[in-house]
Trainee: 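Can you read through this structure? Questions will come right after.
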Number of protein chains: 2
Amino acid sequence: MKKGPVTIKDIARELNVSVSTVSRALADNPLVKLETRLAVKELAKKHNYRPHFTALSLRSNKTKTLGIIIPQLVHEFFSMVIRGIEDHAYANGYNVIISSSHESYEREVLDTKALINGRVDGLMACISKETKDYEHFKEFVDRSIPLVFFDCICDEIEAPKVVLDDFDAGYQATKHLIQQGCTSIAYVGGPINLLINRDRLAGYNKALSEANLNTKDDWIIHCDSGDYEEGRQKSEPLINSKEIDGIFAATDMLAIGAMKNAKKAGLKLPDDLLVVGFSNWSIGTLYEPSLSTMSQPGYEMGLKAAELLIKQIDNPEQTITETFVLKSELIVRESSMTD
Amino acid sequence: MKKGPVTIKDIARELNVSVSTVSRALADNPLVKLETRLAVKELAKKHNYRPHFTALSLRSNKTKTLGIIIPQLVHEFFSMVIRGIEDHAYANGYNVIISSSHESYEREVLDTKALINGRVDGLMACISKETKDYEHFKEFVDRSIPLVFFDCICDEIEAPKVVLDDFDAGYQATKHLIQQGCTSIAYVGGPINLLINRDRLAGYNKALSEANLNTKDDWIIHCDSGDYEEGRQKSEPLINSKEIDGIFAATDMLAIGAMKNAKKAGLKLPDDLLVVGFSNWSIGTLYEPSLSTMSQPGYEMGLKAAELLIKQIDNPEQTITETFVLKSELIVRESSMTD
DNA sequence: TGCACAATTACAAACGTTTGCAACTGTAGG
DNA sequence: CCTACAGTTGCAAACGTTTGTAATTGTGCA
């Protein structure tokens, strides 16, 4: 007996034919006699033959694998993106390999290097908060390995991109607060070096100026991590000042941090303070009051990114460089309701 | 000029040496003259040479890739498991390929089949709620591909396993409620065909009988999906009956569903009803009242699973079949506090 | 009887590596 | 001057496939 998994060679030997015949028979190539074809296929099934993935890859120079680089895995939005990517990938016969950079530039560089040596047919990336230098992505372009950016993109590299219309989302959210009667609206956002946060802030500003409302430097808060605890701490003085009647938070967690402060300060929600968050995390439906928010269609984004990537892999000659912009929708819940 | 990525051949040609010399030089083999070695390495660096992953795999019959099969990706616990796996894998030069079965038996079978053809060096799996048949895992054993189960395991297959002590956790949680003065404690849990849920329930029963407390059939609720909405609906009659003064929920989401009902029914939390959840999801800290819960060390579980798997890959001869049991710890928050 | 052609099969190269072994240098010692 | 041996290097096989081309059959027809 032999060890390892059964190969085409084993089948060939057992049937006294050549490996090429077996290969062709398995592919149902009419060049090989029907009788032989059936015999080969039967034996293959009997032995539970499965083509050796690596050998296939080497021959075809295709790994049928897509790489994903994301800053975080334990994150509702990114999880949904991955799910979208996976669904489209699987449907097209691709597998997916995920690297989470943990928001570290260093790790991101490491990950890209690990994926560049013919391990994946293409890459989808969302850059980390730390990333300022994009050399590691340039290498993909140099080697003409298809690359797609999503969400946190890098403008300097020519590649298809899938993003949310963060500007419009910020605008919508703020406008909604204005329509609900707010006149002193604060902004609590994530790290300002990320384009998405600059855009959300810009949308906020646009809505304000359109309505001839003012803001103050103190009303604009940037959180480096963007997590709950940081948001809670940084927004505490602002809320205690009782100067404002509305908050647009660029993250649901920041919104909840702010609401906690408000409750602590004895404010009644939503009567004394209206809040709109961002991302439509599931916690927003459970919190009390439930949180108004802007949708962030992660699943659709992943789907689109995978679609663009696979399209590029299949047509290496024509390079796509479009930027796809997905729209965010306002979801009104208790936290911004007036009656 | 040539197209594709630079190979060992290209370097050999350019330097007028053989491929074997280049290969050895890159490996810093002292058989090749220092001068040649340096020249090769310099040129390799200049051309940004990277060994072709697939070719390496084919030669060595190692993919340096670990497979993961999980029921869900968008899930705080599983995300943490993956993070633990990734950390250990990366540290040992492995990559990771994740397939989420979406709790579907069919998809799970598909995923295992996709990974069995020499794509991964080993597999870590957590079976789906639907899975009753384990043939697809037997194949791994047959082909002696290392396999490790975690969390939702399958007893019938001989393989190392990493699990939580769910029985003890259920016992601890219930005992805590008893110590806090509860005498009529209900159980709200997930699908009972999963061992973990049977164990949690058994722990609950043990604690009750130890304290000479009774339960009723109506006080034991099984949710097939285990998600928030199902839990809310199924526990509503129980809570409205006002027969109980404590709930042990086998999931934080189920616990929150129950608490919502309680609030709706006009109960005061935690005065009228104490609740302990399970898994220590982040939402539990934000909800009001904050939720007491049992820790579920996903990161550690992933770490351990990866460690066992890699150990098995490195020592194919000796088969490990131990079951590693991680302990769960009670985390007391407002929802079960009496004062 | 011989030849063309179809039908079926086998051979060999290729994908990018690694590695056992053979082969080639040059130098030193007999 | 020949031999042995160390120091280098190259050849070729192997990993499991696919596929272009050559080789082997058998058949029908002139």
Trainee: Listed by chain and number, what are the salt bridge (charged side-chain N to carboxylate O under 4.0 Å, His left out) partners of Asp314(B), not counting sequence neighbours?
Mentor: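 Listed in chain order: nothing, the list is empty.
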Trainee: Could you check whether Phe53(A) gets within reach of a base, just the sugar-phosphate, or nothing at all, counting any heavy atom under 4.0 Å?
Mentor: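 If one applies the 4.0 Å heavy-atom cut-off, Phe53(A) turns out to touch nothing in the nucleic acid.
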Trainee: Is there a side-chain contact between Lys9(B) and the phosphate of dC15(C), meaning an N or O under 4.0 Å from OP1 or OP2?
Mentor: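 For Lys9(B), the contact criterion (side-chain N or O under 4.0 Å from OP1 or OP2 of dC15(C)) is met.
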Trainee: Counting the atoms with a prime plus P, OP1 and OP2 as sugar-phosphate, which does Ile8(A) contact under 4.0 Å by heavy atoms, base, sugar-phosphate, or nothing?
Mentor: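 Answer is sugar-phosphate: Ile8(A) comes under 4.0 Å of backbone atoms only.
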Trainee: How would you label the contact of Thr54(B) with the nucleic acid (heavy atoms, under 4.0 Å): base, sugar-phosphate, or nothing?
Mentor: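 No contact.
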Trainee: Please pick, from dT8(D), dC21(C), dG16(D), the nucleotide with the shortest atom-to-atom distance to any side-chain atom of Arg24(B).
Mentor: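 The listed nucleotide nearest to Arg24(B)'s side chain is dC21(C).
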Trainee: Please verify the inter-ring angle class for His75(B) with Phe77(B); under 30° counts as parallel, over 60° as perpendicular, anything in between as tilted.
Mentor: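 His75(B) and Phe77(B): perpendicular rings.
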Trainee: Across the strands shown, which category fits Leu56(A) at heavy-atom distances under 4.0 angstrom: base, sugar-phosphate, nothing?
Mentor: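 Touches sugar-phosphate only.
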Trainee: To the side chain of Ser20(A), which of dG16(C), dT9(D), dA12(C) is closest?
Mentor: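 Nearest to the side chain of Ser20(A) among the choices is dA12(C).
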Trainee: Nearest heavy atom decides the nucleotide; on that basis, is Pro51(B) or Leu34(A) closer to the 5' end of DNA chain C?
Mentor: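 Taking each residue's closest nucleotide, the earlier one in sequence belongs to Leu34(A).
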Trainee: For Asn16(A), report the nucleic acid contact type (base, sugar-phosphate, nothing); a contact means any heavy atom under 4.0 Å.
Mentor: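 Result for Asn16(A) = sugar-phosphate.
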Trainee: Assign Ser60(A) to base, sugar-phosphate, or nothing according to its heavy-atom contacts below 4.0 angstrom with the strands shown.
Mentor: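 Ser60(A): no heavy atom of the nucleic acid under 4.0 Å.
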